[in-house]
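Values in this document were obtained by computation on a predicted structure and should not be read as measured data.
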Amino acid sequence: MTRRIEALTVGRVGVDLYPQQSGVPLAEVTTFAKSLGGTATNVAVAAARLGRRSAVLTKVGADGFGDYVRQALSGFGVSPDHVGTSPELHTPAVFCELNPPADPPLLFYRDPIAPDLTLTGADVPWDLVREVPLLWVTGTGVSAEPARATQRKILEARGRREHTVVDLDYRPMFWPDTEAARAEIGWMLDHVSVAVGNRTEVEVAVGTADPDEAADRMLARGLRLAVIKKGADGVLIATPEGRRTVPPQRVEVVCGLGAGDGFGGALVHGLLSGWDPVRIAEYANAAGAIVAARLACADAMPTVAEIEELL
């Protein structure tokens with residue numbers, strides 16, 4: 001397994017329920033469609049769609065939705081071998097309100113705690129963590145114990161080897177306050193080689209929303225690549241050797257959810273391919289734009305042919 005898997009993502013999983021009516025409040029929605037979701041899970045799916053052998057380390061509940069997660073992962077070509085089960089918890093569900101479609105509000109059902117936040121050392125494939133070509137962790141993954149301590153141990157075991165990526169993935173509802181998030185996410189910046197996030201997420205992580213200043217602070221902590229998504233202003237790619245802003249792809253947004261995960265899967269593909277940072281950003285921008293023009297997350301992840309056609 002260590003030799004076969006190219007990318008291991010760690011963290012959130014859930015079942016996304018998308019309204020079939022757009023532009024109306026949740027109270028007026030009459031039908032929903034089910035889809036696989038969760039940042040770490042979606043990134044693994046997006047990478048698999050681009051031909052990468054990916055796996056996700058997470059946990060689900062002992063319920064029908066947990067069965068669905070494993071079946072869906074297998075259907076997308078993602079290894080479910082490291083999806084554990086918390087017998088006393090339920091698989092999380094997330095309701096989306098397509099109002100507005102570009103930035104849909106989310107209603108999370110993850111109480112009393114999500115199974116993916118109960119990861120312990122016994123759940124971790126340690127040889128794979130140390131040897132996999134690309135490891136992907138998230139900010140949400142350190143929002144609660146025992147997953148916080150587990151993800152720290154994962155990064156310590158990894159030893160900051162090349163292609164250790166943190167998706168800043170800040171969602172305020174998972175944290176008591178910004179200061180707590182900054183302390184925990186900031187610790188991870190000292191143990192990874194790549195960080196990716198939007199303006200809000202980098203402000204939480206390093207204390208400034210200015211993309212260039214944020215990139216400076218990240219690189220000063222030893223990162224080899226900082227990827228800062230600036231929305232309509234494009235994506236800043238910064239390395240110790242230089243930086244550049246890559247313009248965005250223009251599309252009509254159907255649903256903004258999942259675009260960042262499509263971007264992340266393309267980032268995984270580009271890093272593993274050894275591409276230069278600008279090419280990676282252009283490719284990832286296109287992947288994210290395609291997802292934004294579709295409904296759903298995992299099901300919306302593009303293929304190589306679709307990205308190349310848009311480019």
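- Residues Leu155 and Val166 fail the side-chain proximity criterion, which asks for heavy atoms closer than 4.5 Å.
- Both Met173 and Tyr170 belong to a common hydrophobic cluster when Ile, Leu, Val, Met, Phe, Trp and Tyr are linked at side-chain heavy-atom distances under 4.5 angstrom.
- Inspection of the Thr118 and Ser86 side chains reveals an N or O donor paired with an N or O acceptor under 3.5 Å.
- Partner of Glu184 under the side chain to side chain contact (heavy atoms under 4.5 Å, CB included) criterion, chosen from Glu179, Arg148, Gln151: Arg148.
- Both Trp275 and Val196 belong to a common hydrophobic cluster when Ile, Leu, Val, Met, Phe, Trp and Tyr are linked at side-chain heavy-atom distances under 4.5 angstrom.
- From His90, atom NE2 reaches atom CG of Asp111 across 11.0 Å, with rounding to the nearest 0.5 Å.
- Between the CZ atom of Arg199 and the CG atom of Leu236 there is a distance of 9.5 Å, given to the nearest 0.5 Å.
- The closest side-chain donor-acceptor pair between Ser273 and Arg52 falls under 3.5 angstrom.
- Distance check, rounded to the nearest 0.5 Å: NZ of Lys229 to CD1 of Ile237 gives 10.5 Å.
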>> Assess the residue pair Thr138 and Val10 against the criterion (side chain to side chain contact (heavy atoms under 4.5 Å, CB included)); give the C-alpha distance rounded to whole Å, side-chain angles, the decisive distance to 0.1 Å, and a yes or no.
In response: CA-CA 7 Å; Thr138 69; Val10 184; over 6 Å; no
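- Within the 4.5 Å cutoff, no side-chain heavy atoms of Arg217 are placed close to those of Leu189.
- Considering CG of Asp67 and OG1 of Thr91, their distance stands at 8.0 Å, rounded to 0.5 Å.
- In terms of modelled atom types and a separation under 3.5 Å, the side chain of Glu282 and the main chain of Val246 share no donor-acceptor contact.
- There is a side-chain donor-acceptor pair under 3.5 Å between Arg70 and Thr85.
- Between Ala292 and Val251, the shortest heavy-atom distance links the atoms CB-CG2, 4.4 Å.
- Glu213 CD: more than 12 foreign heavy atoms inside a 6.0 Å radius.
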>> Please determine whether side chain to side chain contact (heavy atoms under 4.5 Å, CB included) holds for the pair Val204 and Leu168, giving the CA-CA distance in whole Å, both sets of side-chain angles, and the decisive distance to 0.1 Å.
In response: CA-CA 9 Å; Val204 169; Leu168 300 178; over 6 Å; no
>> What verdict does the salt bridge (charged side-chain N to carboxylate O under 4.0 Å, His left out) test give for Arg4 and Asp81, after you've listed the backbone C-alpha separation in whole Å, the side-chain angles of each residue and the deciding distance to 0.1 Å?
In response: CA-CA 13 Å; Arg4 293 199 301 271; Asp81 291 351; 5.3 Å; no
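- Under the 4.5 Å side-chain contact rule for hydrophobic residues, Val13 and Val45 share a cluster.
- Judged by distance alone, with hydrogens and angles left aside, the side-chain atoms of Asp167 form no donor-acceptor pair with the main-chain N or O of Ala40 at under 3.5 Å.
- By the side chain to side chain donor-acceptor pair (under 3.5 Å) test, Arg110 pairs with Asp116, sequence neighbours left out.
- Note: His191 and Trp187 have parallel aromatic rings, judged against thresholds of 30 and 60 degrees for the angle between ring planes.
- For residues 153-164, no pair satisfies salt bridge (charged side-chain N to carboxylate O under 4.0 Å, His left out), with sequence neighbours left out.
- The two residues Asp16 and Gly37 have their closest heavy-atom pair at OD2-CA, 3.3 Å.
- Distance alone, capped at 3.5 Å, is enough to place a donor-acceptor pair between the Glu201 side chain and the Asn198 backbone.
- Distance check, rounded to the nearest 0.5 Å: CG of Leu223 to OG1 of Thr239 gives 11.5 Å.
- When the shell of 6.0 Å around CD of Glu241 is examined, it contains more than 12 heavy atoms from other residues, nucleotides or ligands.
- Heavy-atom minimum distance, Ala300 versus Arg49: C-NH1, 4.2 Å.
- At least one donor-acceptor pair closer than 3.5 Å links the side chain of Glu6 to the backbone N or O of Arg53.
- Shown here are the salt bridge (Lys or Arg N to Asp or Glu O under 4.0 Å) partners of Arg294, two or more places apart in sequence or in another chain: Glu306.
- Inter-residue side-chain proximity for Ile185 and Trp175 is flagged as met; some heavy-atom pair is nearer than 4.5 Å.
- Looking only at distances, no side-chain donor or acceptor of His82 sits under 3.5 Å from a matching main-chain atom of Pro125.
- Val43 and Leu225 fall within the same hydrophobic cluster, where Ile, Leu, Val, Met, Phe, Trp and Tyr residues are linked whenever their side-chain heavy atoms come under 4.5 Å apart, directly or through other members.
- The closest side-chain heavy-atom distance from Lys59 to Leu89 is not below 4.5 Å.
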>> The test is side chain to side chain contact (heavy atoms under 4.5 Å, CB included); show your working for Lys34 and Phe65 and say whether it passes.
In response: CA-CA 10 Å; Lys34 180 179 64 177; Phe65 279 153; 3.9 Å; yes
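- A distance of 9.0 Å separates CG in Leu311 from CG in Asn285, rounded to the nearest 0.5 Å.
- In terms of modelled atom types and a separation under 3.5 Å, the side chain of Arg221 and the main chain of Gly186 share a donor-acceptor contact.
- Tyr283 is listed as a side-chain neighbour of Leu50, based on a closest heavy-atom distance under 4.5 Å.
- Judged by distance alone, with hydrogens and angles left aside, the side-chain atoms of Thr140 form a donor-acceptor pair with the main-chain N or O of Asp169 at under 3.5 Å.
- The backbone N or O of Leu26 lies less than 3.5 Å from a partner atom in the side chain of Glu97, making a donor-acceptor pair.
- Between Phe32 and Phe95, the ring-plane angle classifies as perpendicular under the 30° and 60° cut-offs.
- Of the possible donor and acceptor atoms, none in the side chain of Thr58 sits under 3.5 Å from a partner among the backbone N and O of Arg12.
- Residues Gly262 and Ala287 share a closest heavy-atom pair of O-CB, 3.5 Å.
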>> Checking Leu119 against Ile154 for the side chain to side chain contact (heavy atoms under 4.5 Å, CB included) test, could you report, in this order, the C-alpha distance in whole Å, the side-chain angles of both residues, the deciding distance, and whether it holds?
In response: CA-CA 11 Å; Leu119 284 170; Ile154 285 172; 6.0 Å; no
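- The closest side-chain heavy-atom distance from Leu8 to Leu57 is below 4.5 Å.
- Counting only heavy atoms from C-beta outward, the side chains of Leu267 and Trp136 approach each other to under 4.5 Å.
- A donor-acceptor contact shorter than 3.5 Å is absent between the side chain of Asn42 and the backbone of Thr39.
- For the pair Arg250 and Ala232, the tightest heavy-atom approach, listed with the atom from each and the gap, is NH2-O, 3.5 Å.
- Looking at heavy atoms from C-beta onward, Val235 lies in side-chain contact with Phe263 at the 4.5 angstrom threshold.
- Nearest heavy atom pair, residue Ala46 against residue Asp261, reads CB-O, 3.7 Å.
- Linking ILVMFWY residues whenever their side-chain heavy atoms come closer than 4.5 Å, directly or via other members, leaves Val268 and Val78 in distinct clusters.
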